[in-house]
Amino acid sequence: MQDRVSPLLLAWYDSHARDLPWRVPPGGGSADPYRVWLSEVMLQQTTTAAVAPYFRKFIDKWPDVEALAAAPEEEIMGEWAGLGYYSRARNLVACARAVAERGGFPRSERELRELPGLGAYTAAAVAAIAFGQRAVVVDANVERVVARLFAIDDPLPAARKAIRAAAETITPERRAGDFAQAMMDLGATICTARDPKCLLCPLADLCRARETGRQAELPVKPPRKPKPHRRGAAWWIERDGKVLLVTRPGKGMLGGMRALPDDGWSARRDGSGDPPMPGEWKNLGSVQHGFTHFTLELSVMALAGQASGPLPEGIWHEIGKLEDAGLPTLFAKAASRARERG
DNA sequence: AATGCGGGGCG
DNA sequence: CGCCCAGCATT
């Protein structure tokens with residue numbers, strides 16, 4: 001069975017590959033390692049639809065790894081704002097500089113794996129897609145396709161070892177990059193998490209889960225923990241048409257990003273509620289935001305009169321140009337609330 | 001092996 | 001609403 005998978009899948013890919021901004025069409029020549037790397041990092045835990053505009057913006061602004069390596073880190077963080085998982089942006093900068101320094105991307109999976117922000121998946125994907133190496137590429141799509149194809153019914157994450165071993169047996173020597181992208185396209189469009197479209201699947205006749213109708217039950221995932229709820233406050237400090245923004249510490253939630261001053265909700269269970277300085281504060285209402293492991297209700301407080309103490313360390317940003325401030329989504333929501341109600 | 005880390009889109 | 005997504009670093 002194993003030897004029949006990649007020919008069927010590659011033939012399907014040749015006519016059904018998705019047209020994506022970072023992709024070279026099947027048989028369409030060699031991929032630029034910079035574009036492959038940039039897209040793969042953006043695509044970590046992020047959908048293709050969310051990535052596409054960011055990818056175009058980055059390529060426009062920084063067309064090669066040398067340009068990206070020469071850019072100020074704050075500017076790159078600002079362009080990443082809204083895409084999430086901001087440690088990726090910090091690692092992106094470190095990686096670009098390391099690669100520019102050594103004169104280009106390494107070609108082997110082992111050397112790629114040592115670069116900041118490249119784990120097992122991304123190293124394999126770049127090696128296969130950009131350099132044509134045979135590498136076993138396992139992401140959430142491949143996990144799902146393989147778990148169904150081989151009817152692997154142990155729950156994740158314990159099943160990962162068996163899934164990788166099975167993926168190894170179907171990865172071809174040639175066209176490993178196309179094979180990886182074909183598996184991901186199949187997972188994204190046919191072998192979907194909910195309601196798989198088996199009638200359209202080129203591998204349906206080989207699929208062991210489909211034999212017994214269990215495709216929708218695989219892979220088996222562990223139950224999810226409930227998200228706690230937290231409260232916090234952010235401070236809108238306005239002067240002469242400008243608002244005070246701070247830069248968050250490099251590590252932790254929204255690390256290294258521009259933000260409104262807040263009461264420390266990210267470091268404890270709830271924020272302290274203490275304003276950064278004494279004064280008459282007015283509540284402009286709150287915004288709701290969901291993070292990976294908790295939800296937050298953030299009250300937006302505006303200074304009504306004059307400040308009576310030292311201000312937090314920060315920069316004054318034109319309120320009319322807040323869209324360019326590089327605020328992550330939570331603080332973009334808070335700023336919108338302040339501008340509506342303040 | 002478990003946890004922290006964003007945000008948006010879909011059913 | 002809950003679930004899912006081209007995962008990585010840290011512990």
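Numbered from 1 within each chain, the chains take letters A, B, ... in sequence-line order.
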Please determine whether any donor N or O and acceptor N or O are separated by less than 3.5 Å between the side chain of [X] and the base of [N].
| X | N | result |
| --- | --- | --- |
| A:T292 | B:dG6 | yes |
| A:T46 | B:dG7 | no |
| A:R18 | C:dA6 | yes |

Listed nucleotide nearest any side-chain atom of [X], set [options]:
| X | options | answer |
| --- | --- | --- |
| A:R224 | C:dC3, B:dG6, C:dG7 | C:dC3 |
| A:R194 | C:dG7, B:dG7, B:dG11 | B:dG11 |
| A:T122 | C:dC8, C:dC5, B:dG9 | C:dC8 |
| A:H289 | C:dA6, C:dC4, B:dG7 | B:dG7 |
| A:T329 | B:dG8, B:dG6, C:dC5 | B:dG8 |
| A:Y121 | B:dG7, C:dG7, C:dC4 | C:dG7 |

Next on the checklist: Hydrophobic clusters here meaning ILVMFWY residues chained together by side-chain heavy-atom distances under 4.5 Å, can you tell me if A:L68 and A:M42 are in one?
Outcome noted: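 Yes, same cluster.
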
Checklist entry - Linking I/L/V/M/F/W/Y whenever any side-chain heavy atoms sit under 4.5 Å apart, do A:L254 and A:L244 land together? => result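 As far as the 4.5 Å side-chain criterion goes, A:L244 and A:L254 are not connected within one cluster.
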
Checklist entry - Is the gap between the ring centers of A:F291 and A:H293 under 6.0 Å? => result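 No, too far apart.
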
For a quick check of understanding: with a heavy-atom distance under 4.0 Å over all strands, which category does [X] fall into, base, sugar-phosphate or nothing?
| X | value |
| --- | --- |
| A:F291 | sugar-phosphate |
| A:L20 | base |
| A:A50 | nothing |
| A:W22 | base |
| A:G82 | sugar-phosphate |
| A:K225 | sugar-phosphate |
| A:R160 | nothing |

Any [X] side-chain N or O less than 4.0 Å from OP1/OP2 of [N]:
| X | N | answer |
| --- | --- | --- |
| A:H293 | B:dT3 | no |
| A:Y86 | B:dG7 | yes |
| A:K161 | B:dA1 | no |
| A:Q44 | C:dG7 | no |

Checklist entry - In terms of the nearest nucleotide of DNA chain C, which residue is placed more toward the 5' end: A:K251 or A:K227? => result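 Looking at DNA chain C, the more 5' nearest nucleotide goes with A:K227.
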
Item to check | Main-chain N/O of A:K225 paired with A:K227 side-chain donor or acceptor, under 3.5 Å | outcome: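 Flag not set: sc A:K227 to bb A:K225 has no pair under 3.5 Å.
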
Item to check | A:D60 atom CG, neighbour heavy-atom count above 12 within 6.0 Å | outcome: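 Atom CG in A:D60 is crowded, with more than 12 foreign heavy atoms closer than 6.0 Å.
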
Item to check | Salt-bridge criterion met for A:E114 and A:R110 (N-O under 4.0 Å) | outcome: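 So A:E114 pairs with A:R110 through a salt bridge.
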
Item to check | Closest-nucleotide 5' rank along DNA chain B - winner of A:P157 and A:M253 | outcome: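 On the 5' side of the pair lies A:P157.
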
Checklist entry - Whole Å only: how far is the CG atom of A:L83 from the P atom of C:dG7? => result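 Whole-Å distance recorded here is 13 Å.
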
